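Scroll down for the structure; my scribbles are underneath it.
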Amino acid sequence: MRARRALLVFASAGAAAAFGVAALMGTRLPPVPVPASVRTVRVFGKDRTFLVYSPPGRKGPSPAILAYPGSGETAAGFRRRLAPALEGIARERGFVVAYLQGFGSHFNDCRRHAPFTARTEGIDDVAFTRAVVLDLERQDGVDRGRVYALGYSNGGHMAFRLALEAPELVAGIVAVAANVPAGEDLVCRQVPGQLPAVVLVEGTRDPINPYEGGHVTIFGFGDRGNVLSARESAVWFALRAGSAVAVPRRPLGDAGDAEEQDFGNPACVRLITIPGGGHVVPQSAYRFPRLLGVTLRDDAVLESAFRFLAGSPRPSPAK
């Protein structure tokens with residue numbers, strides 16, 4: 001009898017553990033049917049790598065998407081999460097996609113409170129991006145005037161750095177699950193030049209990057225300072241482009257309860273809000289770990305973002 005009870009307890013504990021692991025993990029990463037080329041550039045004595053996907057039948061000069069993973073993620077892993085959506089857009093629009101590998105799997109972004117190696121060693125990820133864009137121009141015929149950056153979490157903050165410190169490099173950015181650092185927590189400064197168009201993609205129940213602004217931690221650990229709210233971040237960029245005029249929110253097609261709102265005159269910033277969404281990239285092929293919150297399984301969000309960027313004029317900075 002005791003042995004039977006012990007077996008039941010063990011089986012119950014095993015089932016609970018399995019359930020817990022399932023709750024923490026996302027769906028199985030989808031296979032990537034088309035291989036990407038692995039390239040290396042040397043930047044200030046360090047070899048930096050990136051992956052390149054070029055759709056068949058592409059005709060140059062072509063636009064390009066630079067994809068920046070979140071903290072601790074590889075370029076290859078990020079590609080497996082996003083390839084079905086991002087490379088679908090690339091095939092439709094003739095984009096080249098480059099997935100950049102962070103230094104120690106991080107990028108040196110605009111936040112004062114960033115203890116990872118890329119920050120403490122002063123890694124110049126703007127220079128890395130310049131080298132990647134030059135390589136894409138030489139080898140793939142990429143149009144330097146139509147280069148866009150998409151970043152998730154830490155990668156989203158890296159996109160902010162590009163928009164502020166190297167606006168000539170990117171015509172537009174998409175920052176997912178990242179709000180503008182608040183006050184003295186922002187270490188990047190805007191340089192003269194035309195600002196890129198900006199799209200912010202934010203979930204209202206993001207457990208790491210608070211939609212309403214405030215303190216950022218990794219589930220209570222790893223101080224990342226304070227950020228503005230999602231709307232304040234959109235207004236912050238629009239004001240620097242000269243106008244914070246906003247149109248009312250509107251539904252984003254059939255993408256659940258997702259809404260989009262444009263700022264500026266003409267519109268140069270778009271805020272896409274995912275009610276109930278977590279610290280994730282909305283797309284159809286992959287559900288992020290439940291620990292990070294709800295994933296909107298729809299490609300319409302990224303499609304909306306790139307339609308907006310492709311159709312937005314580059315605003316001049318406010319005087």
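Treat the numbers as computed from the prediction; the structure is a model and nothing was measured.
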State, yes or no, whether a side-chain contact exists between Thr295 and Arg290 at a heavy-atom distance under 4.5 Å. no
Looking at Leu252 and Ala300, what are the two nearest heavy atoms and their distance? CD2-O, 3.7 Å
Can a donor-acceptor pair be found, under 3.5 Å and without considering hydrogens, that links the side chain of Arg189 to the backbone of Leu186? yes
Going by an N to O cut-off under 4.0 Å, is there a salt bridge joining Arg130 and Glu168? yes
Taking the basic N atoms (NZ, or NE/NH1/NH2) and the acidic carboxylate oxygens, is any pair closer than 4.0 Å for Asp185 and Arg224? no
Using modelled atom types only, decide if a donor and an acceptor are shared between the side chain of Arg58 and the backbone of Ser54 within a distance under 3.5 Å. no
Heavy atoms only: give me the nearest Phe160-Cys110 pair and the separation to one decimal. C-SG, 4.2 Å
Measure from the side-chain N and O atoms of Arg146 to the backbone N and O of Pro61, and report whether any donor-acceptor pair falls under 3.5 Å. yes
If you link I, L, V, M, F, W and Y whenever their side-chain heavy atoms are under 4.5 Å apart, who else ends up in the same group as Phe103? Ile123
To the nearest 0.5 Å, tell me how far Ile65 CD1 sits from Ile89 CD1. 6.0 Å
To the closest 0.5 Å, what do you measure between CE (Met158) and OG (Ser153)? 14.0 Å
Should Arg249 and Glu260 count as side-chain neighbours, where that means a heavy-atom distance under 4.5 Å? no
Between Asp262 and Val269, is a side-chain contact (heavy atoms from CB on, under 4.5 Å) present by the stated rule, with each step listed? CA-CA 6 Å; Asp262 294 343; Val269 179; over 6 Å; no
Option among Leu66, Val147, Val52 that satisfies the side-chain contact (heavy atoms from CB on, under 4.5 Å) test with Val96: Val52
Using 0.5 Å steps for rounding, measure from the CG atom of Asp143 to the CG atom of Leu136. 12.0 Å
side-chain contact (heavy atoms from CB on, under 4.5 Å) for Arg93 and Glu303? Distances and angles first, verdict last. CA-CA 11 Å; Arg93 295 178 173 270; Glu303 290 166 356; over 6 Å; no
Please check if atom CG in Asp47 has more than 12 non-hydrogen atoms from other residues, nucleotides or ligands closer than 6.0 Å. yes
Ignoring hydrogens and geometry beyond distance, is a side-chain donor-acceptor pair present between Ser304 and Arg270 at under 3.5 Å? yes
In this structure, would Val245 and Phe308 fall into the same cluster of hydrophobic residues linked by side-chain contacts under 4.5 Å? no
Thinking salt bridges, do Arg81 and Glu73 make one under a 4.0 Å N-O criterion? yes
Using distance alone, with no hydrogens and no angle criterion, decide if Gln261 and Thr273 have a side-chain donor and acceptor under 3.5 Å apart. no
Before you tell me yes or no, could you show the steps for Tyr286 and Phe288 under ring-ring contact (aromatic ring centres under 6.0 Å, His included), namely the whole-Å CA-CA distance, both residues' side-chain angles and the distance that decides it to 0.1 Å? CA-CA 6 Å; Tyr286 174 75; Phe288 280 68; 5.2 Å; yes
Exercise: identify the closest heavy-atom pair between Ala230 and Leu271: CB-CD1, 4.0 Å
Just verifying a value: how many Å separate Leu169 CG and Tyr148 OH, rounded to the nearest 0.5 Å? 14.0 Å
Is there a donor-acceptor pair closer than 3.5 Å between any side-chain N or O of Asn154 and the backbone N or O of His106? no
Drop me the distance from Arg112's CZ to Asn226's CG, to the nearest 0.5 angstrom. 12.0 Å
Indicate if Leu292 and Ile218 have the same hydrophobic cluster label, given that clusters are the connected sets of ILVMFWY residues with side-chain heavy-atom separations under 4.5 angstrom. yes
Can you give each donor-acceptor pair under 3.5 Å made by side-chain atoms of residues 195-207, sequence neighbours left out, with the distance rounded to 0.1 Å?
unit_1: Glu202; atom_1: OE1; unit_2: Asn209; atom_2: ND2; d: 3.2
unit_1: Thr204; atom_1: OG1; unit_2: Gly276; atom_2: N; d: 2.6
unit_1: Asp206; atom_1: OD1; unit_2: Ile208; atom_2: N; d: 2.8
unit_1: Asp206; atom_1: OD1; unit_2: Asn209; atom_2: N; d: 2.9
unit_1: Asp206; atom_1: OD1; unit_2: His279; atom_2: ND1; d: 2.9
unit_1: Asp206; atom_1: OD2; unit_2: His279; atom_2: ND1; d: 2.9

Please round to the nearest 0.5 Å and tell me the distance separating atom OG1 of Thr129 and atom CD of Glu165. 11.0 Å
Does the distance from a Lys or Arg side-chain N to an Asp or Glu carboxylate O, for Asp140 and Arg39, drop under 4.0 Å? yes
Taking the side chain from Gln139 and the backbone from Glu137, do they hold a donor-acceptor pair closer than 3.5 Å? no
Do Leu291 and Val280 share a hydrophobic cluster (ILVMFWY, side-chain heavy atoms under 4.5 Å, transitive)? yes
Compare every heavy atom of Asp298 with every heavy atom of Ala255, then report the nearest pair and how far apart it is. CA-OD2, 3.6 Å
Looking at Asp125 and Asn108, would you say the former's side chain and the latter's main chain have a donor-acceptor pair under 3.5 Å? yes
Does Asn179 use its side chain to pair, donor to acceptor, with the backbone of Val227 at less than 3.5 Å? no
Have Tyr68 and Arg161 got a donor and an acceptor in their side chains that come within less than 3.5 Å? no
Please answer whether the main-chain N or O of Ser229 pairs with a side-chain N or O of Glu232 as donor and acceptor at a distance below 3.5 Å. yes
Tell me whether Ile173 shares a hydrophobic cluster with Leu239, the cluster being built from Ile, Leu, Val, Met, Phe, Trp, Tyr side chains joined at under 4.5 Å. yes
To check you understand the geometry: which heavy-atom pair defines the closest contact between Phe50 and Ala98, and what is its length? CD1-CB, 4.3 Å
So, His157 side chain and Gly155 main chain: donor-acceptor pair closer than 3.5 Å or not? no
Side chains of Val301 and Ile274: does their closest heavy-atom pair fall under 4.5 Å? yes
CA sep, side-chain torsions, deciding dist, call: Phe95, Leu86, side-chain contact (heavy atoms from CB on, under 4.5 Å): CA-CA 10 Å; Phe95 279 72; Leu86 201 55; over 6 Å; no
Can Leu162 be reached from Trp236 by stepping across I, L, V, M, F, W or Y side chains whose heavy atoms are under 4.5 Å apart? yes
Is there a donor-acceptor pair closer than 3.5 Å between any side-chain N or O of Arg111 and the backbone N or O of Ala114? no
Minimal non-hydrogen separation, Leu150 against Phe78, with atom names: CD2-CZ, 4.2 Å
Between Arg250 and Glu259, does any NZ, NE, NH1 or NH2 come within less than 4.0 Å of an OD or OE carboxylate oxygen? no
Within-4.5 Å side-chain heavy-atom neighbours: Leu302 and Pro282: no
Please test Val187 against Arg119 for side-chain contact (heavy atoms from CB on, under 4.5 Å), starting from the C-alpha separation and ending with a verdict. CA-CA 11 Å; Val187 297; Arg119 175 81 178 151; 3.7 Å; yes
With the side chain counted from C-beta on, respond yes when Tyr53 and Leu51 share a heavy-atom pair under 4.5 Å apart, and no when they do not. no
Any donor-acceptor N or O pair under 3.5 Å, side chains His215, Asp223: yes
